[in-house]
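Here's the structure we're looking at; comments come further down.
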Amino acid sequence: MSDLKRVLGEAVGAAFAAEGLSADHGRVTVSDRPDLADFQSNGALAAAKAAGRNPREIAAKVVEHLKSDPRLASIEIAGPGFVNMRLTGEALTERARQIAADPRAGAPAVEQPRRVLVDYGGPNVAKPMHVGHLRSSIIGESLKRLFRFLGDEVVGDAHFGDWGFQMGLLIVAASDENPAWARVAEQDEGEIEDLGLDVLDRLYPMAAGRAKEDKDYRDRARRATAELQSGKPGYLRLWRHFVEVSRTALKREFAALGVEFDLWKGESDADPLIPQMVEDLKAKGLLVEDQGAQIVRINREGDKRELPPLLVISSEGSAMYGTTDLATVLDRRRSFDPHLILYVVDQRQADHFEQVFRASYLVGYAEEGSLEHLGFGTMNGPDGKPFKTREGGVLKLHDLIEMAREKARQRLHEAGLGAELSPEDFEGTADKVAVAAIKFADLQNFRGTSYIFDLDRFTSFEGKTGPYLLYQSVRIKSLLRKAEGEGHAAGPIVIDEAAERELALTLDAIDAAMTEAYAKRAPNFLAEHAYRLSQSFSKFYAACPVLAAPTPQLRASLLALAQTTLRQMETVLALLGIATPERM
RNA sequence: GCGCCCUUAGCUCAACCGGAUAGAGCACUCGCCUUCUAAGCGAGCGGUUGCAGGUUCGAGUCCUGCAGGGCGCGCCA
């Protein structure tokens, strides 16, 4: 099943071909001028340029071929050679019925399903989730759901940051903090008690700060890192403890956001593969020694600048950021053999991924082009720098969600819905509203650009917001409940009124929205579609009273349209990671 | 210093291979609840797309230069 844009594109393409021109010129887009047309084709302009002919003349020939197309109510030439098309009510009716009958609500599917791995770019052990982690989680989650929905086999991996220098830092800091913990570390004796998240939370920033100033401290941590990685038993025990404590807390945080990983792998899981990887690099003559470290040079002909090499083994003998990432590519090739790996990580790490990708291609762990870094911008404060609270600290994700929840509770109370709902439903609704607000505020932006973190915006429930989308869905649910209570059922759709036409055209546009979101790996196109669908429905809702429809046939049609809208809306919202409540 | 990204309405952001009159939300002004949820709908206001050139029938989009901002650049991740 195809959307109207594609179907019309084929017809227009055939008309071009009949004139001896490339059918590629037949591309049809939604009209920029809804006052003039539903769809347009600009192909005559490009074709004229290529053939050295007059665009209006070509457009006229094309129109001649399409004039008798029964789907078109009108087709005419405008401006320098635009072809404007308006559809008949019958054509829209047919398309709307197709969507209504489609279990996928009009969504497309990929032709060649691939195995895709989504790497969420890892939250780190010992670092509590703050607003900076928001983007990778919700963008990654949305892409995972989108790819899966369109037919790819997708695995999401948290890629936990549980290896490397930060672990050495924590071991040193914990040893200094408490003699009992030091005993575990050095002698592998005794128990680890009272070492919870709060302690890690405090120790890590302290140790990281000190390592920057204090060279001896830094060297101790680097040695500890190397010893951990070479398997010192006490260090391993402490490390497992850190990981367990952090993972439990992170799972809770992610669950609150509706983010689920298929794999909770960490950087440490790639560690056993490092010897093999080093062998592979050596066998290909890629590994060279430089300044005491083992590196891979990854520069290419035509580079505009010299990229630093990938550091494989530090001069201390320990694995680095790039080491585990490269070994992880090998791990994934062996376990899942993905056609595509998407790294949803901060844009600032673009160079790092370029290094890892090039090294992966060189050593043969991945097919050229099969690794993609989907960088996203940072969330900045009003000063344009990464967001900090007024106290200068980071805002914890948990606190952000709670703030939004509190706002949602207030609004529910104001609307007098508190009494009607059970306490559980009330909290459930407040939670869904809060999560929708936060996710939509982020996902409506193109992922690549940085944006200003604005608490008011994140908790605003009016206008182009998540709660607006939920509100429209809930209105439909309420309408459908009422209709059912009165014994009215949905029936065949007939598109007639302007508001119905617009809604049908918007429903049809889901195909293009998903195709584009998929191609660009950019959920904002889904967010945009969800918003347009809400708007179209809201107009329809105001213009076409459903229950008070003059005839049973019309009421059945309107009900079917409402039902279909709800189904498509929930489909798209689900891909954004947003769930709809029954009432609000 | 080298490289990458960004600059669009007062604010926050869109804009489908280069196409018609650059779109939304917020804010502001006005109108609409005895009929399906007003977290809504309608109308208005708001633009030299940072600046200067170039390519093109046509540029927010492509090219060059400049200004301003962000980020990255070997043993952190």
Side-chain angles (χ1 to χ4, degrees), chain A residues 5 24 27 29-33 35-36 40 42 45-46 48-49 55 78-82 84 121-122 124 127 161 163-166 169 208 211-212 218 222 267 290-293 295 303-311 313-316 318 320-322 324-325 346-352 375 377-378 380 384-385 411-412 414-415 417 433 441 444-446 448-452 454 456-457 460-465 467-468 470-472 474-483 486 512-513 515-516 519-520 524-525 528 531-532 535 538-539 541-543 545-548 562 583-584:
Chain A
K5 195 164 133 169
D24 295 341
R27 199 170 67 99
T29 58
V30 171
S31 178
D32 297 332
R33 298 285 306 272
D35 53 320
L36 299 178
Q40 63 181 337
N42 303 336
L45 295 154
K49 194 173 194 171
F82 302 110
N84 283 337
N124 285 322
K127 295 184 193 169
W163 211 229
F165 182 66
Q166 53 184 342
L169 270 177
K212 272 185 192 157
R218 185 167 63 235
R222 291 189 59 198
E267 293 172 336
D290 191 82
Q291 299 170 36
I295 65 166
D303 280 356
K304 285 190 179 168
R305 67 192 158 124
E306 193 167 337
L307 267 170
L310 183 80
L311 261 114
I313 308 289
S314 79
S315 48
E316 288 289 335
S318 53
M320 309 288 294
Y321 186 25
T324 46
D325 272 359
D346 193 322
Q347 185 59 43
R348 288 177 294 193
Q349 301 192 35
D351 284 357
H352 164 74
T378 48
N380 297 331
K385 309 243 171 177
R411 295 300 293 266
L412 284 168
E414 281 164 22
L417 280 165
V433 169
Q444 66 170 305
N445 298 315
F446 178 70
T449 52
S450 295
Y451 70 101
I452 307 283
D454 181 347
D456 291 339
R457 193 167 136 241
S460 163
F461 298 160
E462 272 153 33
K464 195 173 183 177
T465 63
Y468 170 82
L470 297 190
Y471 177 73
Q472 298 304 342
V474 164
R475 276 214 299 201
I476 302 177
K477 289 186 185 185
S478 170
L479 172 63
L480 296 176
R481 269 197 304 269
K482 201 156 264 186
E486 294 178 14
T515 303
E516 187 148 25
K520 294 188 173 166
N524 61 305
F525 293 100
E528 189 63 32
Y531 181 66
R532 288 202 184 136
Q535 272 190 320
S538 202
K539 283 183 195 172
Y541 186 84
V546 177
L547 297 178
R583 292 182 169 80
M584 65 184 274

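Chain letters run A, B, ... following the sequence lines, proteins first and then strands; every chain starts at 1.
- Comparing atom distances between the R348(A) side chain and each of rC2(B), rC75(B), rC71(B) picks out rC71(B) as nearest.
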| request: If a protein heavy atom is under 4.0 Å from the base, mark B; if only from the sugar-phosphate, S; if neither, -; do that for nucleotides 45-50 of chain B going 5' to 3'. | output: ------

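- Following rounding to the nearest Å, Y531(A) (OH) and rU12(B) (P) show an atom-to-atom distance of 18 Å.
- Pair assignment for rU56(B): none, as no Watson-Crick or G-U wobble contacts are both less than 3.5 Å.
- For rG60(B) and rC6(B), the C1' atoms lie 14 Å apart once the distance is rounded to whole Å.
- Separating the CD atom of Q166(A) from the C1' atom of rC75(B) is a distance of 15 Å, rounded to the nearest angstrom.
- In this structure, D290(A) atom CG and rC75(B) atom P are separated by 12 Å, rounded to whole Å.
- Nucleotides rA22(B) and rA15(B) have their C1' atoms positioned 7 Å apart, rounded to a whole Å.
- No N or O donor and acceptor, one from the side chain of N42(A) and one from the base of rG18(B), sit under 3.5 Å apart.
- Here, rG58(B) and rC71(B) have their P atoms 40 Å apart, quoted to the whole Å.
- Under the Watson-Crick or G-U wobble criterion, with both distances below 3.5 Å, rG18(B) is left unpaired in every strand shown.
- Applying the 90° cutoff around 0 to the glycosidic angle, rC71(B) is assigned anti.
- When the P atom is compared between rU12(B) and rC17(B), the two are found 27 Å apart, to the nearest whole Å.
- Of the P atoms belonging to rA9(B) and rU48(B), the separation is 8 Å, rounded to the nearest Å.
- One can place CG of D346(A) at 12 Å from C1' of rG70(B), the figure rounded to the nearest angstrom.
- Residue E516(A) holds its CD atom at 4.0 Å from CZ of F525(A), rounded to the nearest 0.5 Å.
- If you check rU48(B) for Watson-Crick or wobble pairing at under 3.5 angstrom, you find it has no partner at all.
- Nearer the 5' end of RNA chain B, as judged by each residue's closest nucleotide, is the contact made by P80(A), out of W163(A) and P80(A).
- At the heavy-atom level, I295(A) lies under 4.0 Å from base atoms of the strands shown.
- One finds a salt bridge joining E462(A) and R411(A) here, because a Lys/Arg side-chain nitrogen approaches an Asp/Glu carboxylate oxygen to under 4.0 Å.
- Taking both residues in full, the closest heavy atoms of T465(A) and S460(A) are given as CG2-O, 3.3 Å, listed atom of the first, atom of the second, then distance.
- Across all strands shown, G79(A) has no heavy atoms under 4.0 Å from either base or sugar-phosphate atoms.
- G463(A) and Y531(A) make their closest contact through O-CE1, 4.2 Å (heavy atoms, listed as atom of the first residue, atom of the second, distance).
- Taking the C1' atom of each, rU55(B) and rG69(B) are spaced 29 Å apart, rounded to whole Å.
- Interface remark: the R27(A) side chain does form a donor-acceptor pair with the rC17(B) base, using a distance-only criterion of under 3.5 Å.
- Rounding to whole angstrom units, CZ of residue F82(A) and P of rG19(B) are separated by 9 Å.
- Listed candidates were rA77(B), rA14(B), rC16(B). Nearest to the side chain of N445(A) is rA14(B).
- Using a 4.0 Å heavy-atom distance criterion, D456(A) is classed as making no nucleic acid contact.
- The side chain of K49(A) lies closest to rG18(B), out of rG18(B), rA20(B), rG74(B).
- Rounded to whole Å, the distance from CZ on F165(A) to C1' on rG74(B) is 15 Å.
- Residue-level contact check: R532(A) touches neither bases nor backbone, having no heavy atom under 4.0 Å from any strand.
- With a cut-off of 3.5 Å on both pairing distances, the Watson-Crick or G-U wobble partner of rU7(B) is rA67(B).
- Closest of all the heavy-atom pairs between S314(A) and R222(A) is OG-NH2, 4.0 Å.
- Only the P atoms considered, rC28(B) is 36 Å distant from rG68(B), to the nearest whole Å.
- Looking at S318(A) and F165(A), their side chains never come closer than 4.5 Å, going by heavy atoms from C-beta outward.
- Side-chain proximity of N84(A) to rA20(B), rG3(B), rC76(B): nearest is rA20(B).
- In this structure, D32(A) reaches the bases: a heavy-atom distance under 4.0 Å links it to at least one base atom across the strands shown.
- OP1 or OP2 of rA14(B) lies within a sub-4.0 Å distance of a side-chain N or O belonging to T449(A).
- Of the inter-residue distances, the one linking K482(A) atom NZ with E486(A) atom CD reads 7.5 Å to the nearest 0.5 angstrom.
- Here K477(A) lies out of heavy-atom contact (under 4.0 Å) with every strand.
- Distance check on atom C1': rA27(B) versus rG46(B) gives 11 Å, rounded to whole Å.
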| task | List the protein contact pattern of nucleotides 32-44 of chain B with one symbol per nucleotide (5' to 3'): B for base contact, S for sugar-phosphate-only contact, - for none; contact means a heavy-atom distance under 4.0 Å. | result | ----BBSBSSS--

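- Between the C1' atom of rG72(B) and the CG atom of D351(A) lies a distance of 5 Å, rounded to the nearest Å.
- Rounded to an integer number of Å, the gap from CG of D303(A) to P of rC4(B) is 11 Å.
- In rC5(B) the O4'-C1'-N dihedral to the base is more than 90° from 0, which defines an anti nucleotide.
- Q347(A) comes within 4.0 angstrom of nothing in the nucleic acid, heavy atoms only.
- Using a 4.0 Å heavy-atom criterion, one finds that A78(A) contacts the bases of the nucleic acid, with or without backbone contacts as well.
- In this model, no donor atom of one side chain and acceptor atom of the other lie less than 3.5 Å apart for R532(A) and Q535(A).
- Ranked by how close their nearest RNA chain B nucleotide is to the 5' end, P308(A) and Q444(A) are led by Q444(A).
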